[in-house]
Amino acid sequence: MEHLLTIAILLPLASAFLAFLLPAKKPGAIRALALFATGVSLLLTLYIFSQFDRQDAGYQFVKSIEWLPSLKVNLKFGVDGISMTLLLLVGIVSFCGALVSHEIHDRQKEYYILFLALTTGISGTFCAMDMFFFYFFYEMAVIPMYLLIGMYGSLPAGKHGRTKEYATMKLTLYLTAGAVLALIGLLTMYYAGGKTFDMVELKNNLRLAGSTQKWVFACLLFGFGFLASLFPFHTWSPLGYAAAPTAASMMHAGVLKKLGAYGIIRLALPLLPEGARHWVDLLAILCIFNILYAGLAALTQKDWKFVIGYSSVSHMGYVMLGIATLNVIGVSGAVLLMFAHGVMAALTFSLIGFFYHQTHNRNVPDLSGLARKIPFIGVCMVMAAMASSGLPGFANFASEIMVFIGAWHQGSTVFRIATICAVWGIVVTATYLLWAVRTSFFGPFDEKWNMLKDATTLKQKFPYAFLLAVLLVVGFWPRSLTDIIKPSVQRILATNSHRLAQMEKQ
Amino acid sequence: MTSEITLNHYLWVSGLLFALGIAGVVIRRNALVIFMALEMNLNAANLALIAFSKYNKIVDGQVLVFFIIAIAAAEVAVGLAIIVALFKRKQTVSVNELNSMRL
Amino acid sequence: MNVHDTLFWFFSIAMLLCGVFVIANRNPVASAMALVLMFLFMAGLFVLLEAFFIAAIQVLVYAGAVMVLFLFVIMLLDIKASERRRFAFLGVFGGIVVAGAFVWEMRIILSQPVIPLQSGNTDLSAGLENVVKPLFQHYMLPFEVTALLLLVAMVGVVLLSKKDLK
Amino acid sequence: MNLYATQLECLLVILGLGTLLTDAFRPGGDRRKLGYLLATLVTITLLYSFTLAPTADTFFHGMYRLDSFALFFKRLFLLATAFVLLMGAEFVERFETGVAEFYALVLLAATGMLVIASVNDFILLFVALELVTITFYILTAFLRRQVQSLEAGTKYLILGALSSGFTVYGIAYIFGTTGTTNFDKLATLLSAGGSGSAFLLGMLLVLTGLGFKVASVPFQIWAPDVYQGAPTPVTAFLAVGSKAAGFALLLRVMLAGLLPVSAVWMPVLLVLAAATLGYGNLGAISQRNIKRLLGYSSIGHAGYMLMGLAAGNALGSQAVLFYLGQYAFTNLCAFLVIIAVGREEIADYAGLGKRSPILGAALFLAMASLAGIPPLSGFFGKFQLFAAVIEAAQTNWHYYILAGIGAGAVVVSLYYYFNVGRAIYIEEAKDTTPIPVSLPVRAGLYVCMLAMIGLGIYQQPLVEAATLAAGIFGLK
Amino acid sequence: MNPVWIILFAPLCAAAIITLLTRKAQMLSALISCAAIITGFVLTLQLFAQQGNWMSPEPLQWLVVDNIVRIEFGATIDRLSILMLLVVTGVGSAIHIYSLGYMKGDPGFSRFFACLSLFTFSMLGIVLSNNFIQIFIFWELVGVSSYLLIGFWFEKHSAAEAGKKAFLTNRIGDFGMMLGVLLLWTNTGTFNFAELPAKIAAIPSCTLGLIGALIFCGAVGKSAQFPLHVWLPDAMEGPTPVSALIHAATMVAAGVYMLCRVSFVILPSETALTLIAWIGGITALMAATIAIAQNDIKRILAYSTLSQLGYMVMAVGLTGITPAMFHLTTHAFFKALLFLGAGSVIMAMHHEQDIWKMGGLWKKTPITFATFMIGTLALAGVWPLSGFYSKDEILLLALEHNKALFIMGAFTAFLTAYYMGRECFVVFFGKPRDKHAYDHAHESPWVMTLPLVFLAVLSIIGGWGSYIPHFLKPDEHAAHHDAWKGFALLLVPAAGFLLSAKIYLKADASDAPVKAALGRAWTWVENKYYFDELYAWIIRYVQGTIAMLCELFDRWVLQRLGIGGLAGTTSVAGKTLRLLQTGNIQSYAFLFGLGVTVIIYYVVVR
């Protein structure tokens, strides 16, 4: 029972090793293994979710293995409401990602090994209760991502001579730059917390002067901000997604990106209250840029993946805005939005992958009236676009409205302005998404796309339908997640304010 | 009759010789002469060691000089062998023609 | 000024002049000859410092063996006149800068007397015994290592100079 | 007793002399098999070394130690030697002549390194150092038909001799100003009394010599040329053995002998570490020759390790040892692949992942480990070093600057390492013929990969060994 | 289970079942959809019959975070919502049945009914909402189902474009509404309609005005008020039943309904009221003027809808909640009737919508003609049809409160009669302009005519006895205006009809005399005051420019200058450093020596 979580996290990695031993000539077996690993992981996650004690705000299913006594490193996994939500997201997206990976025909063995390693890297980060392993898994995603994009990606030529090699290198460098920046902050916290990597202990022991907190928080904020594509560190993101193969885009935009925001919520907010208070205003301003600027930039894009890429930058602005509010509703909204946007981005990228695989063209103006040939994909795409632009009924709406309320509730002028911009942002989002959907799926049918085939069998439809269903279920009943997110967020913020009070007393 | 010559005098001589050695390495392009300059460096160290040994009344300095001389001999042998081999290939001992690797 | 001091000045100045000659002379043969002289004057300084054993080795190994090797190689290679090119200005400048900087720093370092933290009481002038005995007692390991080094040098020189290639 | 302490050295000397004799008596033997045999024997020696117990005693009148630090490095050198012999065996065709001598020289150099691991006296230090260095002059110039090899040899020779001159001059001053050459006595004397500027001169000049060995700025300048020109097994030996020897000395001298004056040398190392990081990583950016790239990279890694030394705390010294340990596996892995491929231009590695999956995977993992990405051992090495620097920064904020530069270096290094990775996996091969990989090389690669991944995930064994080894300095 | 939930969720279930299961079986799908709404209608009638003994069901806690935010999912059942439920389910049922005939044979038949059911669900949701967030949720859902239905024939360029336009325009309105809701929430701490009225008084009046104005933005978008009216005429690209249901009877009225629902926010603020009244008045007049120059049978009706919505909004602005709802109800009857009639005409003419290609149809399609005439008269406000009662109440209200608005309203009424007259005369009288089409024209099947008749009856009797205002405000007797004023106002539509009859009631009628009389004004009116062009210009140049600037900033400043610059600097630094690596030993030795001296300098000398 207590090992379940560890198994759910490490199963994909173990399968990657197993796949390494399988002969490359049997891609079918490797694919089956990958599906099995991600599927079982998902089921275990769902089981853990069902057993999750909704009243308890702390970590559950904690399992600690002593790892490196000299540095006091323990392999310690546990989930609280926030991690639980995001672990669920990893399970869902990775399973669907594995499902839609049938489009890969070349070097499948390496592909699935990388994909599985990536999955463990991400879920490990979400559940690590030890800062070392948090960072370990955080960085572990770099290699698989680099190779997945480099080996299996594609970037239509001509866009200012940018190649997939350039894209993947840029992405890797950005993420690493952010990671090492965060590392400096994390290590400072390690020493200030009496040399412990354990997040729980750290919460009790950390002593940092206000002035130090300010720059340590900055390290974490911008360090993690690179991955969360915070303005102006976002430029890797659309390019990287555009170049990535379908499943990698799904994992990256859907899940990996959330690691950045998760890091801030998990480590920076509770432990560095003074720093947080110092930086939130700037963060809110950057969020405005994220939301509006990236949204407007998305308006000018022609490539479907660039549109969605900029859109995801824009959405991360909402997440960061939610975090910046430092109140329960805003931060809970941010967590829920991480989930919602993760599923939505995965859905969108998988849909793009579906038709791109057949058309080898994802330039929006070149496509027209696709809905006639691929109505199922068209319907899903419309729904994804609607979800993305915050339509009620989808999880995104519930989370976005929480972010709005939270940000408005925060009360300062900066946040009021940010909220107004954020609300306007959904108009902008709707503008470019509807344009893209309308241009490529609606309108007169272009005969050159006559060869397109729709998803007809249940097997083909499943990943898309599943992702949509998740969005709808959470959208109709957001409390299925907010009820577990809220206590944990509350706890984190309570730590934050408790520390602040302590510091003011001193 | 006391000597006006102190340890520092010897160290000065040694230091100047060492400086000459460095200068020689930088200035000369003939590998053989460079090698001679390097020998001067070692000799400067020898002188310092002997002087220290004398003024500190500790024998270790002299012992080290013994090793240095032996090693210097070996080094010269190896060095000259390499230079000869190089000359055979390139017909030159000028070090500024050794630039087949750069970037 | 006593004899010791006079000899010190003579040997030192002569040695340094020889040193200058070594690096300033464009003819390698002349450089080598100056180097021999330098070694000899150095040996003189060693004698002044009562290091007779070392002085003897200096003459034997350096002035004898090493210099012969040098001269031999110079002759062997028969470097043509074209090789004796003029000095490169930058090289000269650089050499003088570095050497000058070093000397300047030495001037500051040696502006006060160098006093050791501890000193011994070995009488070095008493004879070879005081020098050679520790060599084979205390310093057996370095001695062995040096022996290996000479072996290495031998193997290396043979290898590098072997004419035929199997 | 003394013989007991030096038994590993003795074994290597016997092996080396035996090799020379074998060559003399059986000139026509299969040199490749001889290499494998020697590699196996050295491996056995390595395994045997684990039966030795560290001791606090000194040998040879306080000159030689067989403490855990010494043993750690001895094992490291034996490991490197075994691999270099294996590489030598793979390199047989390109040597044309003197293969047995090559093995013998490698073994003798290794002997020097083993001594270096144990030095406790400047005289022994100098002699052992010269044994290693002079052997390397020969090894570097070993391919005497190739201009590059000779050129590299000449450069290494002249600059090495220059640095020897500095070292010995420095030793002279340390001896002259303290009256001793023994590290322990030195530490006692220094902690009792002050030191003048003449002593500092001596110390810095010794530092120069050691800096040369580890290729630290500003004494790094030889590294790229020599790495490129030397025969590949020798480059590997330089990168792994010689560099580790330099660090062994640096640690021993600085932490055992000169610790009382750490206030003087720590800032120097701080600056040198920063400069070394910058130089190595920036210089590597546009390299096209993989050996030269690794030369620059080795400068960069020297910078990382200097970070640990500059931090001057227990974690830092331990981290340096850990780093060296994992760096050995990583670099040996890379060089094994380079030898197996037999080409040096990075462009020649295009499509390696398809031509030979094992070589591709091994080189890619090596590059990723050098770049410091989990779950590979390089990551944990860097992590510890950064942790050490941040620890030092808690009392001296300048170390944050060092950490920042280190962070920048990590990012830059990722670029050039992944450029190699790109060639391996992303670029299309021009030449798609599969590359045969011999069984011993395959075994070696598996060992290295296993070590890289194993030490990356389960760091405890090496950390424990490193902690024990670094523990002798008694740092906090 | 409270019947309200059945009313609300039956259409959603129908939509889900059709999408997931019965998409292939077209007729079954359609019947499921019809059954759902008719069930709703029956249950609503049952509720209606209970007359005041209503129980609002226990709300679900949809989203609860601390005590700060508590968003419920509940249902308000009161007179207002029941009236609206009746309208939606009643008119909706008629239109569903009509669609069975109208959409027959369309490949997207099932999809059409699924969307229609989804729309019904959303619309009922708006009606039943008991808090602002819930109403916003359904508000958006209505928007999306409207988007889907307008773009139903998605392969038609204009349809796809119109759907997008409608959605986006609505979004702009919702933007304001969302902000208004947030502002209201910060001032009161609740979203709930039941709790809000008590807390309104505490809000400062200028804030309240702002809140009212912002919330009104939502209504502006949804009810297509000036200046966001542009989407509604384009929405006629959808199938005609959709135009009838969504863009005439129900959805566009949602804005008015919402204003009535939240009247407690609006009524206390004079500023908001004035704004609302004037926007309504302007919309009414402007739309009516545009309608006189349109040639598309549905577009004329669309502008007429705009105009009528303007009346309702104006009524709200003049504090006339009851008149607004009254007119909303009657308008739903007769406008749905008119649209369905138009649809029938279009069917008869084989999907021809240009009135100038029709003519003399009254003989061919008698039922359609008769019902259409009833609708027209009701719309024009002719006694004793329903429009007369409801419109008169508004006009008289305006007369009481604001003379200027009254004049505008009255003139609008004149224009209404005029353009409706024009449409009727051109379509049904005169000589057939397209002989071929005329010959093949035929009356629609009974599934289509039956709803026409049903709605015609409602249009006639809807206003009798002021039953609706009474139902809304049972304890308050509707202000009895002087009857003579009402009858005096009859002169206005009469004049309109007469004028249009004079111009258009002839065999070869044309716009030429009007065009000549109006001159430049005609061009303006014909081009809808160039609003579309203005907005297109704004979108292209203002938004396009900003977006382009962002893109350029991203590409050049951030990527090229920032990242490229950083990367470039790094690589230049690398290249510069490598200049040291000349390969020349002399320079190496020099650097080596220099390094040593520099270190010595810094440590020893300095």
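Labels below follow one simple rule: chain letters A, B, ... track the order of the sequence lines, proteins then strands, and each chain is numbered from 1. Computed from a prediction, not measured in an experiment: that's the story for all the values here. Computed from heavy atoms alone, side chains included, the values below leave out hydrogens, waters and symmetry copies.
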At a heavy-atom separation under 4.5 Å, does [X] approach chain B through its side chain, its backbone, both, or neither?
X: D:Ala198; value: neither
X: D:Glu130; value: side chain
X: D:Phe166; value: both
X: D:Ala141; value: side chain

Open item on the list: With a 4.5 Å cut-off on side-chain heavy atoms, are D:Phe122 and B:Asp60 touching?
Closed with: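 No, every pair of side-chain atoms sits at 4.5 Å or beyond.
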
Open item on the list: I'd like to know which of D:Thr177, D:Thr140, D:Leu162 tops the heavy-atom pair count under 4.5 Å against chain B.
Closed with: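 The option with the most such pairs is D:Leu162.
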
Task: Residue among D:Ile171, D:Ile158, D:Thr181 with most heavy-atom pairs under 4.5 Å to chain B - done: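 Heavy-atom pairs under 4.5 Å are most numerous for D:Ile158.
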
First locate atom [atom1] of [X], then atom [atom2] of [Y], and finally report the distance between them rounded to the nearest 0.5 Å.
X: B:Leu47; Y: D:Tyr169; atom1: CG; atom2: OH; answer: 8.0 Å
X: D:Thr180; Y: B:Ile58; atom1: OG1; atom2: CD1; answer: 7.0 Å
X: D:Leu157; Y: B:Ile82; atom1: CG; atom2: CD1; answer: 5.0 Å
X: D:Ser164; Y: B:Leu42; atom1: OG; atom2: CG; answer: 7.0 Å
X: D:Leu124; Y: B:Leu64; atom1: CG; atom2: CG; answer: 11.0 Å

Mind listing the closest non-hydrogen atom pair of [X] and [Y] along with its distance?
X: B:Phe52; Y: D:Tyr173; answer: CE1-CA, 3.9 Å
X: B:Ala45; Y: D:Ala172; answer: O-CB, 4.1 Å
X: B:Gly61; Y: D:Phe175; answer: N-CZ, 3.3 Å

Task: Test item: B:Asn56 side-chain N/O and D:Gly176 main-chain N/O as donor-acceptor pair under 3.5 Å - done: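 Checked: pair present.
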
Open item on the list: Test your reading of the model: is there a side-chain donor-acceptor pair from B:Arg89 to the backbone of D:Arg145, 3.5 Å cut-off?
Closed with: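 Pair found, side chain donor or acceptor close to backbone of D:Arg145.
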
Open item on the list: Taking NZ in B:Lys57 as the centre, count heavy atoms belonging to other residues, nucleotides or ligands within less than 6.0 Å. Is the count above 12?
Closed with: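 No - once you tally the heavy atoms of other residues, nucleotides and ligands closer than 6.0 Å, there are 12 at most.
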
- [ ] May I ask you to name which of B:Phe18, B:Phe67, B:Phe35 has the most heavy-atom pairs under 4.5 Å with chain D?
- [x]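 Most heavy-atom pairs under 4.5 Å with chain D: B:Phe18.
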
So for [X], is it side chain, backbone, both, or neither that comes closer than 4.5 Å to the heavy atoms of chain D?
X: B:Ile34; result: side chain
X: B:Ile50; result: neither
X: B:Leu38; result: side chain

